[in-house]
Q: 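To start, I am sharing the structure in question, which I have written as structure tokens.
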Amino acid sequence: MTRERPPGERGSVDDASPVRGACSAWKGRPRGPTKGSDVPRSALGPTERLKSPSSTLREEKNGTGSSMRSLNGTALCVASVLLLSACGTPMEAVRHDTDTEYFRPPLTLRDLAAVEEFLAESGRVVEEDLLVSSDGAVAVLADEVVSVAMDPVEEVWSYPAEDVTDVGVTADGASVVVEYREALGPIESVWTVVLGSKTGNVLDSHRSWGSASEGIGELTEDSRVLVEQDTVVTFSSLAGAEALWERDLSEACASGDPREVRVATLERRVLASYACPGEGTVHVEAFHAASGETFWERFWNGDSVPEVQPWLSKEVPGDGVEPVTTMFADGATGRTSILTLRENGYAPEVLDPWRAIPDLNEFIEKPLLDMDPTPERIIFTDDRNMTENLLIVRSIHALVEDESVPFSEDDVDESLKIEGELAENPRQWNISPEAYVFPLRDEIEIALF
């Protein structure tokens, strides 16, 4: 059962708050560096003119009534911090001069390596795995988050944040969500900022109080999903300011709480998998992201929860996130169901190259159509055509890499290669990829059958 959560904003200033009017005094203060500024980032932001209570006490003059003045000074400083925290705005991204207005994202592992090399040339080390947006690679560095585009490799924007706790990219690749801590004197807070992937402009933001971080969770195109208390799936706006709905998965288990709860996201749907140990069943569900209502569901008897994997076109094949390439690499095609979007849910479907070349099953097992018994993995896709294109491209690689199969790169016509090499991603053909992918599929049949 889905329940709408009561409206509210964590740490937001209420419209009737007495400090609301006072905030106008701080409007117009610069937030973050501007292009060409040489001011250190540590000197910027809402804390730049504040003094701590201890420094206020040190600066008080000794004499009659000094203790009272010290206390008054301390109270004034704390009040100032509280006021500024209510009125504060997040840092702004720095936009860099670029040679192009079209920002191509990375499409291959070679592209990702080029981004890391580009950053290393300026002495910057990527702290975590690169993320991919629709406009570039997103890198988390020691004191900033940057977006780097391809062709040519160049930095498009950077967002200064020294204590980053989490970064994510929405399922459609259009937004980057950054969560970071910021201390205002003795008070700590956590900012969640939504940036446009192309420009780095702040689209939305929210501040919560304290140093505890919930993390960003999983992202749809316009919202985020977290699992709270191990069983409750909560859904909120990207910045986390507005709670939208929650789903208590324990209601699906007749006895006891669910275990092994995992969630994943497509652009407009939320996927959940879990086990009900008291009943000896495992479950997979798809919810509408906008309402939390069930869109598709399936359960099996047993205790092995399928690994649920969303397929998103923005991911780079071979990066460990994109599931189709991993399926081939693990030899798991015959233990995986690929479910395509239908009007009333999801269903397994025979896709190319197996649809056009049924005998390919002799060399590469086709994905499961019969979902009994429980599949080891389930790949969900809302883009059937692009998924099928990738299946063809990756099947070529699987055949070439299998020494027991009489198929090599020489069996692929040069006109179907990119700069003399096999394509890794159908998106490398930016115009009519089908004009290359289907002839590539035919090469398999000609060579093997």
Q: Distance-only, no hydrogens or angles: does the H397 side chain make a donor-acceptor pair with backbone N or O of A423 under 3.5 Å?
A: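 Checked: pair present.
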Q: Distance from I379 atom CD1 to L391 atom CG, nearest 0.5 Å?
A: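 Output value for this atom pair is 7.5 Å.
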Q: What residues, two or more places apart in sequence or in another chain, satisfy side-chain hydrogen bond (donor to acceptor under 3.5 Å, both in side chains) together with D352?
A: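 Scan of D352 (side-chain hydrogen bond (donor to acceptor under 3.5 Å, both in side chains), adjacent residues dropped) gives R355, R441.
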Q: Any side-chain donor-acceptor pair under 3.5 Å between D135 and S197?
A: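 Yes - a donor-acceptor pair under 3.5 Å links their side chains.
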Q: Working to the nearest 0.5 Å, report the span between CZ of F235 and OG of S291.
A: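 Spacing of CZ (F235) from OG (S291) equals 9.0 Å.
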Q: Strictly by salt bridge (Lys or Arg N to Asp or Glu O under 4.0 Å), give each pair with a member in residues 298-311 just once, sequence neighbours left out.
A: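 Checked against salt bridge (Lys or Arg N to Asp or Glu O under 4.0 Å) - neighbours excluded - the pairs reaching residues 298-311 are R298-D372.
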Q: CG of L131 to CD of E128: how many Å apart, nearest 0.5 Å?
A: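 Result: 7.5 Å between the selected atoms.
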Q: Strictly by modelled atom types, are T336 and T333 linked by a side-chain donor-acceptor pair under 3.5 Å?
A: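 No, no side-chain donor-acceptor pair sits under 3.5 Å.
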Q: What is the distance from atom OG of S122 to atom CG of L141, rounded to the nearest 0.5 Å?
A: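 Here the interatomic distance stands at 8.0 Å.
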Q: Taking side-chain contact (heavy atoms from CB on, under 4.5 Å) as the test, write out the residues that go with S273, two or more places apart.
A: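 side-chain contact (heavy atoms from CB on, under 4.5 Å) check on S273 returns R262, V284, V305, V308.
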Q: Write out all pairs satisfying salt bridge (Lys or Arg N to Asp or Glu O under 4.0 Å) with one or both partners inside residues 313-337, taking only residues at least two apart or from two chains.
A: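 Output for this query lists D330-R377, R335-E376.
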Q: Using 0.5 Å steps for rounding, measure from the CD atom of E162 to the CG atom of D143.
A: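 Reported value, rounded in 0.5 Å steps: 6.0 Å.
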Q: Using a strict threshold of under 4.0 Å (side-chain N to carboxylate O), is an ion pair present between R384 and E349?
A: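 Salt bridge present between E349 and R384.
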Q: What's the shortest heavy-atom distance between F103 and T98, and which atoms?
A: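 Reported closest heavy-atom pair: CE2-OG1, 3.8 Å.
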Q: Keeping the roles fixed (side chain from S223, backbone from L238), state whether a donor-acceptor pair exists under 3.5 Å.
A: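 Not confirmed, S223 side chain does not pair with L238 backbone.
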Q: Is the closest side-chain heavy-atom distance between D230 and D257 below 4.5 Å?
A: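 Not touching, per the 4.5 Å side-chain cut-off.
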Q: With the side chain counted from C-beta on, respond yes when M371 and I378 share a heavy-atom pair under 4.5 Å apart, and no when they do not.
A: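 With C-beta onward as the side chain, the pair touches.
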Q: Output the distance between atom CG (L369) and atom OG (S337), rounded to the nearest 0.5 Å.
A: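 The OG atom of S337 is 7.5 Å from CG of L369, to the nearest 0.5 Å.
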Q: Go through the structure and list residues passing side-chain hydrogen bond (donor to acceptor under 3.5 Å, both in side chains) with S250, not counting sequence neighbours.
A: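 Per chain and number, S250 pairs via side-chain hydrogen bond (donor to acceptor under 3.5 Å, both in side chains) with D248.
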Q: Compare every heavy atom of V126 with every heavy atom of A139, then report the nearest pair and how far apart it is.
A: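 Looks like CB-CG2, 4.3 Å.
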Q: Would you find a donor on one side and an acceptor on the other, under 3.5 Å apart, between the side chain of S205 and the backbone of V193?
A: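 Such a contact is absent between S205 side chain and V193 backbone.
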Q: Between T234 and E246, is there a side-chain donor-acceptor contact under 3.5 Å, judged purely by atom types and distance?
A: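 Absent: no donor and acceptor within the cut-off.
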Q: Out of the candidates S395, P433, P426, only one should pair with L390 under the side-chain contact (heavy atoms from CB on, under 4.5 Å) rule; please name it.
A: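 Looking at S395, P433, P426, the match for L390 under the side-chain contact (heavy atoms from CB on, under 4.5 Å) is P426.
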Q: Between V393 and W429, does a side-chain contact (heavy atoms from CB on, under 4.5 Å) hold up when you go through it step by step?
A: CA-CA 12 Å; V393 168; W429 294 297; 4.2 Å; yes
Q: Would you please name every residue forming a side-chain hydrogen bond (donor to acceptor under 3.5 Å, both in side chains) with D383, sequence neighbours left out?
A: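 D383 satisfies side-chain hydrogen bond (donor to acceptor under 3.5 Å, both in side chains) with no residue once adjacent residues are dropped.
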Q: Charged N to carboxylate O under 4.0 angstrom, E182 versus R207?
A: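 Salt bridge present between E182 and R207.
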Q: Looking only at non-hydrogen atoms, find the nearest pair between A239 and V194 and report the distance.
A: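 Reported closest heavy-atom pair: N-CG2, 3.9 Å.
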Q: Would you confirm whether R268, through its side chain, and E221, through its main-chain N or O, come within 3.5 Å as a donor-acceptor pair?
A: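 Looks like no, no N/O pair under 3.5 Å.
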Q: Mind checking whether L266 and L312 have side chains closer than 4.5 Å, heavy atoms only?
A: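 Yes, close enough: below the 4.5 Å cut-off.
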Q: Does the side chain of V232 come within less than 4.5 Å of V227's, by heavy atoms?
A: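 The answer is no; the side chains never approach within 4.5 Å.
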Q: Going by heavy atoms in the side chains, are V202 and E92 under 4.5 Å from each other?
A: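 The answer is yes, as the side chains (C-beta and beyond) meet within the 4.5 Å cut-off.
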Q: List for me each residue that meets side-chain hydrogen bond (donor to acceptor under 3.5 Å, both in side chains) alongside S313, sequence neighbours excluded, and say none if there are none.
A: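 Once residues adjacent in sequence are excluded, S313 has no partner under the side-chain hydrogen bond (donor to acceptor under 3.5 Å, both in side chains) criterion.
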Q: Passes side-chain contact (heavy atoms from CB on, under 4.5 Å), V178 versus L195? Steps please.
A: CA-CA 8 Å; V178 179; L195 310 172; 4.0 Å; yes
Q: Is any side-chain heavy atom of L112 closer than 4.5 Å to one of V316?
A: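 Yes - at least one pair of side-chain heavy atoms lies under 4.5 Å apart.
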Q: Knowing that exactly one of R124, R95, H96 qualifies, which makes a side-chain hydrogen bond (donor to acceptor under 3.5 Å, both in side chains) with S158?
A: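 Running side-chain hydrogen bond (donor to acceptor under 3.5 Å, both in side chains) over R124, R95, H96 with S158 returns exactly one hit, H96.
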Q: May I have all residue pairs that pass ring-ring contact (aromatic ring centres under 6.0 Å, His included) and include part of residues 315-346, sequence neighbours excluded?
A: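 Applying ring-ring contact (aromatic ring centres under 6.0 Å, His included) to every pair that reaches into residues 315-346, excluding sequence neighbours, yields F295-Y346, Y346-F380.
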Q: Restricting to non-hydrogen atoms, name the atom on V282 and the atom on G302 that form the minimum distance, rounded to 0.1 Å.
A: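 Looking at all heavy atoms of both residues, the shortest contact is CG1-O, 3.6 Å.
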Q: Could you list the residues that satisfy salt bridge (charged side-chain N to carboxylate O under 4.0 Å, His left out) with E154, not counting sequence neighbours?
A: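 Result, salt bridge (charged side-chain N to carboxylate O under 4.0 Å, His left out) vs E154: none returned.
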Q: Is the backbone N or O of E179 less than 3.5 Å from a side-chain atom of T165, with the two atoms forming a donor-acceptor pair by type?
A: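 The answer is yes, because a donor-acceptor pair under 3.5 Å joins these two groups.
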Q: What pairs meet the ring-ring contact (aromatic ring centres under 6.0 Å, His included) rule with one or both residues in residues 108-151, with sequence neighbours excluded?
A: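 Checked against ring-ring contact (aromatic ring centres under 6.0 Å, His included) - neighbours excluded - no pair reaches residues 108-151.
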Q: Do D172 and T170 meet the criterion of a side-chain donor-acceptor pair at a distance under 3.5 Å?
A: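 Looking only at side-chain atoms, T170 and D172 do form a donor-acceptor pair, the distance falling under 3.5 Å.
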Q: side-chain contact (heavy atoms from CB on, under 4.5 Å), that's the test. Do L339 and W296 meet it? Break it down for me.
A: CA-CA 11 Å; L339 305 189; W296 176 90; 3.8 Å; yes
Q: Is the shortest side-chain heavy-atom distance between L271 and P310 below 4.5 Å?
A: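 They are in side-chain contact.
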Q: Which residue is it: L119, V156, L130? I am looking for the one with a side-chain contact (heavy atoms from CB on, under 4.5 Å) to V148.
A: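 Between V148 and the candidates, side-chain contact (heavy atoms from CB on, under 4.5 Å) is satisfied uniquely by L119.
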Q: Would V190 and W209 count as a side-chain contact (heavy atoms from CB on, under 4.5 Å) if you check the C-alpha gap in whole Å, the side-chain angles of each, and the deciding distance to 0.1 Å?
A: CA-CA 6 Å; V190 177; W209 310 117; over 6 Å; no
Q: Is the shortest distance from a Lys or Arg side-chain nitrogen in E218 or R224 to a carboxylate oxygen in the other one below 4.0 Å?
A: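 Salt bridge: no.
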Q: Hey, does W245 have a side-chain heavy atom less than 4.5 Å from the side chain of F287?
A: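 In contact.
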Q: Can you give me the closest heavy-atom contact between P317 and L107, atom names plus distance?
A: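 Looking at all heavy atoms of both residues, the closest pair is CD-O, 3.6 Å.
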Q: So, D382 and R269, do they make that salt bridge, N to O below 4.0 Å?
A: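 Yes, charged N to carboxylate O under 4.0 Å.
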Q: Over all heavy atoms of both residues, which pair between P375 and W300 is shortest? Give the atoms and the distance, please.
A: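 Smallest interatomic distance, heavy atoms only, reads CD-CZ2, 3.9 Å.
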Q: Please, which pairs that meet side chain to side chain donor-acceptor pair (under 3.5 Å) have at least one residue in residues 106-121, sequence neighbours excluded?
A: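 As it turns out, the side chain to side chain donor-acceptor pair (under 3.5 Å) pairs with a partner in residues 106-121, which skip direct neighbours, are R104-D111, R110-E421.
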Q: Mind jotting down which residue pairs meet the disulfide bond (SG atoms under 2.5 Å apart) criterion with at least one end in residues 134-185? Sequence neighbours excluded, please.
A: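 Disulfide bond (SG atoms under 2.5 Å apart) check on residues 134-185 returns no pairs.
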